[in-house]
Amino acid sequence: PGFTHWGSYAEYVRIERADLNLVALPESIDFVTAASLGCRYATAFRAVVDQGKVMPGTWVAVHGCGGVGLAAIQIASAMGAQVVAVDIRDEALELASALGATATVNSATTPTVASAIRDLTHGGAHVSLDAFGSATTAFNSVACLRKRGRHVQVGLMVENDAHAPVPMDRVVADELVIAGSHGLQAHRYPEMLAMIEHGAVSPAQLLGHTVSLDEAVDLLPRMDQFTGTGVTVIDRFGAGA
């Protein structure tokens, strides 16, 4: 819903092939937390676990500390990785540290982000995620990798960023891997839900506040202003909710 079918921000949604695409929610996970998992947390899970193949002890760079980026930081940290968080806002970087980031880089005040990350990681990140989706963050994500590192493009690349330049000389010389990541298949949800149930990760830490569907009408056009931290969940739909 929202990509290929109608239904985003609706109280009732028609799900195609529901026998395959619906996932049972454990009793221990409340509805608001569950709603916040897709696509933000689920997308981050696939990017870190399946596409990034993050291992304990490795260095992971996350470019962009919005919903997806913060989730990726928490998941990678829970898997035993050391994480460098990158963003232009100190407020977001503070939250990234609270969620497990080992180090932070303010890209608005750092002359060369890739060099700063290579210094912090003693040679470059093993895995780097562009969780924002821009020509700048994609370039920095590839450029900050060490030899045979892996770049994962998580943030959607649209309009002028759709054909962003890549330091292909580094890709060839250092045998880098570039992978895309988009959403999470229904059959992979149980592993993510198990991590939540066992307390390895806590998506509730990334929740901002809840609003009604009527209130969302004013909030949605302002999403590109990146005000505050944490995800907002619509949990009230009726008239006057």
Side-chain angles (χ1 to χ4, degrees), residues 1-3 7-13 22-49 60 62-79 81 83 85-101 104 129 131-133 154-156 181 183-184 186 188-238 241:
F3 278 98
S8 286
Y9 308 114
E11 184 174 6
Y12 297 101
V13 179
L22 282 182
V23 179
L25 181 66
E27 292 290 338
S28 60
I29 301 178
D30 64 274
F31 289 144
V32 171
T33 299
S36 75
L37 296 178
C39 65
R40 173 192 59 101
Y41 212 88
T43 294
F45 180 87
R46 175 165 170 77
V48 172
V49 178
V60 176
V62 177
H63 303 257
C65 294
V68 172
L70 291 171
I73 290 166
Q74 187 180 74
I75 294 167
S77 178
M79 296 181 67
V83 183
V86 184
D87 202 272
I88 60 173
R89 301 169 299 152
D90 288 332
E91 182 184 13
L93 294 174
E94 289 173 6
L95 182 53
S97 295
L99 293 172
T104 62
L129 284 67
F132 179 71
V154 194
L156 298 177
S181 191
L184 179 69
R188 292 290 288 133
Y189 265 76
E191 183 174 338
M192 178 183 67
L193 293 174
M195 288 184 70
I196 299 170
E197 279 197 287
H198 296 152
V201 294
S202 178
Q205 287 183 275
L206 281 72
L207 290 173
H209 58 285
T210 61
V211 298
S212 69
L213 187 58
D214 287 343
E215 291 172 312
V217 173
D218 295 324
L219 294 175
L220 286 170
R222 302 203 303 269
M223 286 182 68
D224 61 349
Q225 297 176 16
F226 304 105
T227 57
T229 56
V231 66
T232 299
V233 176
I234 301 169
D235 68 342
R236 302 183 300 280
F237 298 91

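Starting from 1, each residue takes its place in the sequence as its number.
- Between atom CG of residue D214 and atom CG of residue L219 there is a gap of 11.5 Å, rounded to the nearest 0.5 Å.
- A85 approaches L93 most closely through the heavy-atom pair O-CD2, 3.6 Å.
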TODO: Please test M79 against V60 for side chain to side chain contact (heavy atoms under 4.5 Å, CB included), starting from the C-alpha separation and ending with a verdict.
DONE: CA-CA 11 Å; M79 296 181 67; V60 176; over 6 Å; no
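- Closest approach of V32 and D30 over heavy atoms only: N-OD2, 3.2 Å.
- Between the CE atom in M195 and the CZ atom in F45 there is a gap of 6.0 Å [rounded to 0.5 Å].
- Under the 3.5 Å distance criterion, the side-chain polar atoms of E215 are matched with a main-chain donor or acceptor of S212.
- For the side-chain hydrogen bond (donor to acceptor under 3.5 Å, both in side chains) test, no residue two or more places apart in sequence or in another chain qualifies with D218.
- Y41 has its side chain within reach of I75: a pair of non-hydrogen atoms, C-beta onward, lies under 4.5 Å apart.
- R46 and S181 make their closest contact through CG-OG, 3.6 Å (heavy atoms, listed as atom of the first residue, atom of the second, distance).
- Shortest non-hydrogen contact noted between A42 and Y189 is CB-OH, 3.3 Å.
- Atom CG of residue L193 and atom CG of residue L37 lie 6.5 Å apart, to the nearest 0.5 angstrom.
- Atom-to-atom distance recorded for L220:CG and I234:CD1 is 6.0 Å, nearest 0.5 angstrom.
- In terms of modelled atom types and a separation under 3.5 Å, the side chain of D235 and the main chain of T210 share no donor-acceptor contact.
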With a cut-off of 3.5 Å and sequence neighbours excluded, list every side-chain donor-acceptor pair involving residues 197-204.
from : atom 1 : to   : atom 2 : distance (Å)
E197 : OE2    : S28  : OG     : 3.3
H198 : ND1    : A194 : O      : 3.2

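- Residues A71 and L206 approach most closely at N-CD2, 3.4 Å, considering heavy atoms.
- To the nearest 0.5 Å, the span separating OG1 on T43 from CG on L129 amounts to 11.5 Å.
- In plain terms, the two heavy atoms of S36 and V233 that are nearest each other are CB-CG2, 4.1 Å.
- Distance alone, capped at 3.5 Å, places no donor-acceptor pair between the S77 side chain and the Q74 backbone.
- One distance of note links CD1 of I73 with SG of C65; it measures 4.0 Å at 0.5 Å rounding.
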